[in-house]
Amino acid sequence: MDILNKVRKYREDEDRLKWEGTFAEYIRLVKERPEIAQTAHSRVYNMIRTAGVEEIEGQKSYNFFNREMYGLETALERLVEEYFHPAARRLDVRKRILLLMGPVSGGKSTIVTMLKRGLEQFSRTDEGAVYAIKGCPMHEDPLHLIPHHLRDEFYEEYGIRIEGSLSPLNTMRLEQEYGGRIEDVLVERIFFSEDRRVGIGTFTPSDPKSQDIADLTGSIDFSTIAEYGSESDPRAYRFDGELNKANRGMMEFQEMLKLDEKFLWHLLSLTQEGNFKAGRFALISADELIVAHTNETEYRSFIANKKNEALHSRIIVIPIPYNLKVSEEERIYQKMIRESDMAHVHIAPHALRAAAIFSVLTRLEVPKKQGIDLLKKMRLYDGENVEGFNDVDVAELKKEFPNEGMHGIDPRYIINRISSAIIRKEVPSINALDVLRSLKEGLDQHPSISQEDREKYINYIAVARREYDEIAKNEVQKAFVYSYEESAKHLMNNYLDNVEAFCNKNKLRDQLTGEEMNPDEKLMRSIEEQIGVSENAKKAFREEILIRLSAYARKGQRFDYNSHERLREAIQKKLFADLKDIVKITTSSKTPDESQLKKINEVVATLVDEYGYNTTSANELLRYVGSLLNR
Ligand SMILES: Nc1ncnc2c1ncn2[C@@H]1O[C@H](COP(=O)(O)OP(=O)(O)O)[C@@H](O)[C@H]1O
Ligand SMILES: [Mg+2]
């Protein structure tokens with residue numbers, strides 16, 4: 001049982017990583033490895049950095065996020081460089097709540113979850129190790145034991161600044177359990193775990209009336225008051241609120257802006273002063289990253305409210321827009337499908353692309369720049385070459401709308417529509433047309449789309465459909481040509497013989513009759529026209545081919561089908577044009593004859609073996625392209 005072995009190994013690792021010692025011993029560890037005493041923000045930043053950072057054309061890309069987040073490089077760079085990096089260096093942003101703001105299903109929760117899971121892992125590594133006062137419910141930083149008046153000296157010697165005061169509970173324990181001898185206080189290594197409530201907290205607002213501040217800051221344990229005699233004895237208090245538990249790590253606030261004001265004020269003091277109030281105690285110091293997320297509408301109404309002004313300046317907002325690259329969007333769907341219960345369904349090639357084209361179009365702003373439409377912009381954003389435009393144009397396009405991507409269709413909608421398309425089919429196999437159809441039907445049921453947007457979106461579905469038509473025709477063309485590889489070779493050799501004779505002003509000899517013939521001008525032109533070689537340019541083109549041919553011959557290489565890109569394209573197109581009728585007839589015939597059936601089967605086999613279709617989707621593709629060709 002592999003899984004049981006893994007579970008055991010995990011436990012063994014944890015046992016091996018365990019450490020316990022006195023504060024005196026801990027201080028020696030700190031001397032050797034000062035990183036173990038880093039702040040929560042610094043640990044998060046180092047976690048991201050340690051996973052690796054690449055810089056591609058001035059754009060940073062973080063391996064930490066790349067595994068699951070696609071197409072959000074710019075937003076993530078901002079998150080890391082404007083928040084985590086300066087926060088790690090103890091700059092002021094650390095004292096602000098991090099608020100991820102973006103449209104629904106744009107990946108905000110996923111980013112936060114990655115940070116949480118990442119910290120759990122990182123706290124098990126050497127670079128990310130965390131130590132705490134043993135037995136403290138808040139995993140207090142052991143360095144808090146060092147009295148304030150000695151901290152400057154400590155900084156001189158260790159280069160570490162200590163922030164925060166020893167908590168009321170540990171102040172009492174220090175006296176009662178250790179007789180005031182800080183060097184004897186026991187310290188242990190801790191491992192972050194959301195499940196065990198160590199270093200990671202999550203808070204979701206519930207009904208405002210029943211919401212209890214104790215969920216955040218802990219509460220009095222009435223059963224122990226009798227034992228300790230007073231409510232203000234810290235031993236009679238349970239420091240088990242989310243803010244307590246998240247100390248040293250991070251705290252996620254879901255829907256923070258829906259929270260009651262009094263909750264928000266606790267957060268304010270926590271972020272700003274690094275402490276919060278619990279029960280009747282002096283302020284409790286805490287060191288934690290506070291992340292919240294919200295959508296734009298909620299955020300706008302929050303800042304519009306005068307009462308929230310003070311909070312507002314203590315929040316740092318990082319926009320998390322939708323991805324705007326078609327190919328990255330496809331990857332998002334692939335990932336979501338992998339993680340869903342549809343993983344067994346066959347999704348025909350280009351089905352997700354068609355959907356991605358649609359959703360990216362709904363997110364893009366219509367460019368102001370001359371000579372460029374939405375479709376071209378979409379291609380440029382995805383890194384495709386568009387004739388007449390370059391990188392500078394792309395940068396300019398992006399500058400036109402710095403806040404692009406904050407609205408449009410979300411990935412979850414697409415996945416839901418794909419899943420309802422699947423339900424309707426008899427076999428677990430869906431293609432681009434099924435998906436586009438389902439997207440269109442879904443628009444009517446979508447609650448939050450205005451009439452105006454709906455019309456626009458229906459038009460984008462038509463655009464995606466036209467894009468798909470081209471892809472589909474191309475695909476069938478390739479598959480037919482592939483099945484006709486021999487014919488393609490034959491056609492090319494024939495062309496080359498004619499070109500040779502034409503350039504050398506020779507005659508050709510008929511292989512059967514031995515008769516001499518002039519070069520077949522009609523044949524040559526029918527091929528050249530496929531790639532737009534004009535009558536005037538034909539001589540130059542043929543000469544170029546001949547030069548290439550003799551260059552190959554000189555080097556003793558075979559000039560074959562793949563030796564000249566444009567010629568290959570021309571041959572394929574010519575062949576396809578010749579085949580068009582066959583394709584038309586074979587693909588649209590309701591009762592194909594034997595030879596047609598044979599061809600269909602060959603092409604289907606090619607589509608399955610070479611292009612990732614299954615027999616259902618391959619047959620559907622052929623039928624569809626047949627209908628396109630018959631229009
Ligand atoms: N840019 C993206 N890269 C990868 N996955 C994404 C991206 N945007 C959205 N998703 C996926 O979409 C789904 C919804 O995202 P989620 O994090 O719940 O969004 P939010 O919290 O912003 O509403 C998740 O499965 C997420 O992985
Ligand atoms: Mg969310």
Side-chain angles (χ1 to χ4, degrees), residues 48 51 59-80 97-118 194 202-206 250-259 290-300 317-343 347 352-353 355-364 378 381-383 398 403-419 439 442 446-448:
I48 296 169
Q59 168 84 72
K60 286 210 175 81
S61 160
Y62 306 93
N63 293 342
F64 179 82
F65 291 113
N66 284 348
R67 276 173 293 132
E68 278 184 52
M69 297 306 302
Y70 310 131
L72 291 188
E73 290 77 10
T74 315
L76 291 170
E77 175 167 9
R78 224 177 131 181
L79 173 64
V80 177
I97 296 170
L98 171 62
L99 180 62
L100 305 179
M101 193 254 297
V104 56
S105 289
K108 302 179 297 296
S109 301
T110 309
I111 293 173
V112 177
T113 305
M114 289 186 83
L115 291 171
K116 294 202 281 193
R117 295 294 90 79
E194 183 167 21
T202 305
F203 190 79
T204 320
S206 53
M250 69 180 272
M251 170 83 199
E252 173 189 15
F253 270 92
Q254 295 175 344
E255 323 223 26
M256 185 185 80
L257 303 184
K258 291 204 179 88
L259 271 180
I290 298 191
V291 197
H293 34 103
T294 184
N295 64 40
E296 198 171 10
T297 326
E298 226 164 55
Y299 177 68
R300 298 260 165 258
V317 179
I318 301 285
I320 305 292
Y322 287 137
N323 154 58
L324 299 175
K325 295 179 182 158
V326 173
S327 26
E328 299 292 326
E329 190 69 11
E330 271 188 87
R331 293 178 69 203
I332 297 177
Y333 304 157
Q334 279 159 1
K335 179 189 78 168
M336 292 173 80
I337 289 170
R338 252 197 328 271
E339 291 167 354
S340 75
D341 56 359
M342 304 187 271
I347 307 226
L352 298 183
R353 185 166 197 88
I357 289 173
F358 164 68
S359 37
V360 169
L361 284 174
T362 67
R363 298 169 188 171
L364 292 178
M378 179 193 89
Y381 271 23
D382 202 18
K398 287 188 177 155
N403 295 324
E404 202 165 23
M406 296 303 267
H407 59 81
I409 288 288
D410 62 291
R412 199 159 266 152
Y413 173 76
I414 304 287
I415 296 300
N416 289 345
R417 294 315 303 170
I418 290 178
S419 116
L439 287 176
H446 204 300
S448 57

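Any value given below was found using the heavy atoms of this structure, including those in side chains, with hydrogens, waters and symmetry copies removed. Counting begins at 1 with the first residue of the sequence. Computed from a predicted model, the values in this text were never measured in an experiment. Atoms within each ligand, like the ligands themselves, are counted from 1 in listed order.
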Quiz item: Will you find, in the side chains of Tyr333 and Ser359, an N or O donor that is under 3.5 Å from an N or O acceptor?
Solution: yes

Exercise. May I ask you to check whether Gln334 and Tyr70 show a side-chain donor-acceptor distance below 3.5 Å?
Key: no

Quiz item: Salt bridge check: are Arg300 and Glu296 linked by an N-O gap of less than 4.0 Å?
Solution: yes

Quiz prompt | Salt-bridge criterion met for Arg117 and Glu68 (N-O under 4.0 Å) | solution = no

Self-check item: the Mg ion (ligand 2) to nearest N/O/S of Ser109 less than 2.8 Å
Solution: yes

Self-check item: Every residue of the protein that comes under 4.0 Å of ligand 1, judged on heavy atoms
Solution: Glu68, Met69, Tyr70, Leu72, Pro103, Val104, Ser105, Gly106, Gly107, Lys108, Ser109, Thr110, Ile332, Lys335, Met336, Pro411, Arg412

Exercise. Would you verify whether the NZ or CZ of Lys398 falls within 45 degrees of the ring axis of Tyr381 while also being under 6.0 Å from that six-membered ring's centre?
Key: yes

Exercise. Begin from the C-alpha positions of Thr202 and Lys116 and carry the test side chain to side chain donor-acceptor pair (under 3.5 Å) through to its verdict.
Key: CA-CA 10 Å; Thr202 305; Lys116 294 202 281 193; 3.0 Å; yes

